[in-house]
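Residue numbers run from 1 in the order of the sequence given. Please read all numbers here as calculations on a predicted model, not as lab measurements.
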Amino acid sequence: MEVGLRSELTPTQRKLDSDAKLQLEKENLAWLKEQCAESERLTSGMVDILESFEKRLGKLEETILPVYQETGNLQRRQENIDKTLTELDHVINYYNVSKEVENVVREGPGGTTLHNFLEAMKKLKGALDYFSTNNPGSIELENVRSLYTTGGSALSREFSELLKKHSRPISAIEILNSVSANDSVSGDEISHASSDDFSSISHFPEEVQSNMVQIAEWLCINDREEYMNVYANIRAHMMKKSLEQLGDHQKTASMGSQGRGISPSRHKLASPAAASAVTQENSTTPTGRKKSHQSKWLQQQLNKRMTSMSHKLEAATGVAIPVSRRYLGDPGGEDGAGGAQDSEVELFLTSITGLQRLMASEQQLMVGIIPLKWHKRIFEMITRDSLDMVAKEGEAITSRVRKSIASCDFVGVLTLFHLLRHMMTLKPLFDKTLEGCDPAVRNKYSTMLNGLQTSGTLALDGFIEGIRSDSTTKEKMPKDGTVFQLTSNILMYLEQLVDYMDTIADILGQNASYNQSILQIPRRIIPQDRPQALLGLYIQKVLIQLNYTLGTKSLFYSDPFLKAVFLLNNYMYILRGVAKVGLLDVVSLSAPECQNNYQEMITEHKRLYSQSWERVLHHIWNADDIPTAILMAPGKLQDKYCKIIKEKFSGFNREIEDISTTQKRYSIPDVELRESLKRDNKEYILPKYNSFYDKYANVQFSKNVEKYIKYTPAQVSGLIDSFFDVAA
């Protein structure tokens with residue numbers, strides 16, 4: 001529409017309209033120019049102001065900068081003056097050190113506190129370093145050096161005096177308390193607690209220990225290492241003295257116990273029977289005077305095992321083992337030698353354990369006193385003499401054990417195994433303690449252990465040889481065929497070996513024949529079962545040799561049936577003993593047929609024993625029996641038949657009385673075996689005698705029938721019941 005309106009305007013109107021618009025634009029342009037001119041004016045004013053400010057700043061900088069620089073120079077001069085004065089004071093102090101500390105140094109550490117003395121030595125060291133560097137030819141250097149040397153010598157003397165004054169042998173009670181604190185004894189086992197706990201062993205007071213550490217540190221820093229030799233010599237002497245006092249204490253305690261009635265019960269036998277020898281503590285010993293725990297330990301444990309073992313065997317076999325067979329020997333004779341041997345073993349066990357405790361405590365004591373790089377060398381010097389002393393004791397015991405084995409005296413065998421086990425338990429501790437030492441020192445313990453293991457091998461082999469060569473004569477054999485003393489002692493000995501299974505397995509494992517036998521066992525032996533298998537093989541060899549020896553000894557009996565009873569008693573005793581005390585479980589791994597073999601031997605000797613009735617049966621059970629028709633025929637029995645019947649009854653009476661008299665003297669201590677033999681006898685004899693008795697008892701074969709028919713079947717049964725009982 002607007003377009004339409006425009007088209008309607010006249011040209012004049014359109015011109016006026018355009019002029020009005022042009023005028024408006026001109027006015028706008030004039031205003032814009034005016035604003036631009038104002039902006040330019042303001043810009044020019046701001047530039048002038050900034051240029052004026054810049055000029056003023058430049059003038060200010062030119063004025064202030066020299067002042068700033070001069071102030072910095074003055075500050076640096078002041079600092080240099082202060083430093084110079086400080087250094088000058090420090091240097092002046094070096095010149096005054098000698099006079100300042102001379103009295104302290106010359107009086108030594110004993111004239112003041114160690115801290116003050118070391119501070120004085122520190123000042124001297126500073127002065128010595130200064131003059132050596134800056135004025136090496138000065139008289140002050142000589143004065144300081146002389147005083148410093150004097151102080152060093154004083155510290156060396158102080159260290160030696162502290163060491164000598166406060167070093168003392170560790171008392172036997174402290175060592176034994178340390179052993180007891182670190183060992184826990186349960187039954188017959190030893191378990192070692194932490195070997196680093198030696199709270200019961202105290203070498204120096206805490207203050208003395210601290211002073212020695214400080215002095216040692218100073219001496220080491222100042223290259224005065226000779227103190228370490230002094231330390232090693234004194235501590236070596238104290239360790240050896242401690243062990244000697246421990247030995248004296250043990251010997252005194254042992255003699256005191258023997259004087260109060262505790263005497264070992266031993267008897268030297270040239271057979272393995274002596275292996276059961278132990279010591280028995282007198283129950284009347286005053287409780288107010290006790291031996292130390294460690295010194296009595298071995299004796300108590302052996303007695304405890306022997307008593308327990310005896311009770312087990314009595315319960316298993318029915319054989320009452322008299323005290324003389326539990327503890328062989330009497331207080332006289334060679335008991336003194338046996339008691340001495342026990343005391344030596346106790347002393348050695350205590351010494352070797354105490355030595356380990358002392359060595360480990362010495363290692364701890366060296367910390368801070370001896371530099372780490374010298375620990376092994378100094379420790380070796382400290383322990384060498386003590387190790388040599390204990391090693392000689394071990395060699396002496398090993399030598400005596402070997403002599404005993406060579407003479408078939410097995411008194412020390414069990415203590416040898418106990419000694420071996422104890423030393424094998426200690427070996428890791430000794431290896432750790434002696435690690436890094438000279439091989440000659442480090443191998444001393446292993447040498448002792450190897451010597452004992454070799455003796456153990458000889459003992460095990462010698463025991464079997466001792467069974468083979470047992471010297472029991474015919475006169476000393478049991479007259480009643482009871483259990484052979486050798487048998488009971490061997491079973492007690494074998495049961496004790498179970499307590500040392502791992503120790504003995506280590507010994508047997510060094511024997512190629514045992515290793516070969518292990519491979520031949522049908523059952524696969526896993527590593528955990530290897531000790532049991534090795535001990536089982538050894539026990540099997542012992543039992544085989546024992547069976548052979550029993551067979552040989554049985555030949556001493558002229559009565560073949562007493563011989564059978566003797567073997568029956570021993571085989572039954574062995575079977576019940578090994579089953580009851582657990583030996584059968586050990587042997588079954590390597591010889592599963594062991595139990596069956598003994599049962600077969602028992603059955604066979606029962607059969608041989610039953611042959612003792614053959615001469616009785618000969619009269620009542622033979623081919624010349626009179627036919628029943630003749631006995632029942634009317635009229636008087638013919639004389640020849642009467643004579644036969646009389647001979648039968650007379651022969652039976654004679655033989656049954658003879659066998660009864662003989663077998664009453666036989667001894668069968670095992671109740672079950674005794675009753676089973678009586679039962680077998682009755683089952684074997686009575687049916688036949690009943691038949692014989694019923695057949696002839698009512699026959700008129702004599703005017704004095706009672707002269708011939710002395711025993712009814714019930715009376716025969718009663719006679720059999722009286723067998724194996726000398727009092728019946």
Side-chain angles (χ1 to χ4, degrees), residues 179 183 185-192 272 274-279 294 297-302 304-306 338 341-356 387 390-406 409-431 434 443-464 466 493-511 514 530-532 534-539 542 586:
V179 171
D183 288 347
V185 182
S186 174
D188 194 33
E189 298 297 324
I190 303 175
S191 62
H192 291 273
S276 65
V278 296
T279 57
Q294 186 67 15
W297 188 88
L298 176 61
Q299 181 175 337
Q300 290 175 341
Q301 292 303 316
L302 287 175
K304 181 179 178 181
R305 287 203 307 273
M306 184 61 71
Q341 184 172 350
D342 266 351
S343 298
E344 288 171 351
V345 171
E346 292 172 13
L347 177 58
F348 180 73
L349 282 179
T350 307
S351 296
I352 196 76
T353 308
L355 174 61
Q356 195 280 324
L387 267 173
V390 174
K392 288 179 181 178
E393 293 177 7
E395 291 170 1
I397 291 176
T398 302
S399 176
R400 279 189 285 275
V401 169
R402 291 189 177 185
K403 289 179 181 178
S404 297
I405 295 169
D409 172 19
F410 290 87
V411 168
V413 171
L414 293 177
T415 53
L416 168 65
F417 293 139
H418 172 69
L419 192 59
L420 255 176
R421 182 176 63 182
H422 189 90
M423 291 190 64
M424 290 173 70
T425 304
L426 285 176
K427 189 176 188 304
L429 298 178
F430 267 94
D431 288 344
L434 296 172
N443 293 334
K444 286 185 184 296
Y445 191 85
S446 297
T447 301
M448 282 191 290
L449 189 58
N450 292 337
L452 289 171
Q453 286 180 326
T454 302
S455 298
T457 301
L458 295 174
L460 291 173
D461 294 341
F463 186 75
I464 296 177
Y493 171 82
L494 289 179
E495 187 191 4
Q496 292 177 84
L497 295 188
V498 178
D499 294 336
Y500 304 103
M501 182 183 295
D502 292 336
T503 302
I504 294 174
D506 287 339
I507 295 173
L508 297 176
Q510 300 174 16
N511 189 319
Y514 280 95
R530 181 176 172 83
Q532 179 180 338
L534 286 168
L535 181 59
L537 287 170
Y538 177 74
I539 293 176
V542 171
V586 177

Nearest-0.5 Å distance that lies between atom [atom1] in [X] and atom [atom2] in [Y]:
| X | Y | atom1 | atom2 | answer |
| --- | --- | --- | --- | --- |
| K444 | E395 | NZ | CD | 8.0 Å |
| S446 | M423 | OG | CE | 9.0 Å |
| L420 | L452 | CG | CG | 5.0 Å |

Could you list the residues that satisfy side-chain hydrogen bond (donor to acceptor under 3.5 Å, both in side chains) with [X], not counting sequence neighbours?
| X | answer |
| --- | --- |
| D502 | none |
| K392 | none |
| N511 | S513 |

Sequence-distant partners of F430, ring-ring contact (aromatic ring centres under 6.0 Å, His included), two or more places apart
Y445

What closest approach, in Å, do T425 and P428 show between heavy atoms, and which atom pair accounts for it?
O-CD, 3.3 Å

If you compare all heavy atoms of V390 against all heavy atoms of M448, which two are closest, and at what distance to 0.1 Å?
O-SD, 3.9 Å

Please work out whether the ring planes of Y500 and H418 are parallel, tilted or perpendicular, with thresholds of 30° and 60°.
perpendicular

Determine whether [X] and [Y] make a side-chain contact, defined as any pair of heavy atoms from C-beta on separated by less than 4.5 Å.
| X | Y | result |
| --- | --- | --- |
| I464 | Y538 | yes |
| H422 | F348 | no |
| L434 | L387 | yes |

Please check if the side chain of S351 supplies one atom and the backbone of L347 the other of a donor-acceptor pair under 3.5 Å.
yes

Determine whether a donor-acceptor pair (N or O, by modelled atom type, separation under 3.5 Å) exists between the side chain of R421 and the backbone of M501.
no

Output side-chain donor-acceptor pairs under 3.5 Å for residues 503-510, partner residues at least two apart or in another chain, one line each.
none

Applying the side-chain contact (heavy atoms from CB on, under 4.5 Å) criterion to L426, which one of L349, L449, T353 satisfies it?
T353

Could you please spell out the steps behind the side-chain contact (heavy atoms from CB on, under 4.5 Å) verdict for L416 and I397?
CA-CA 9 Å; L416 168 65; I397 291 176; over 6 Å; no

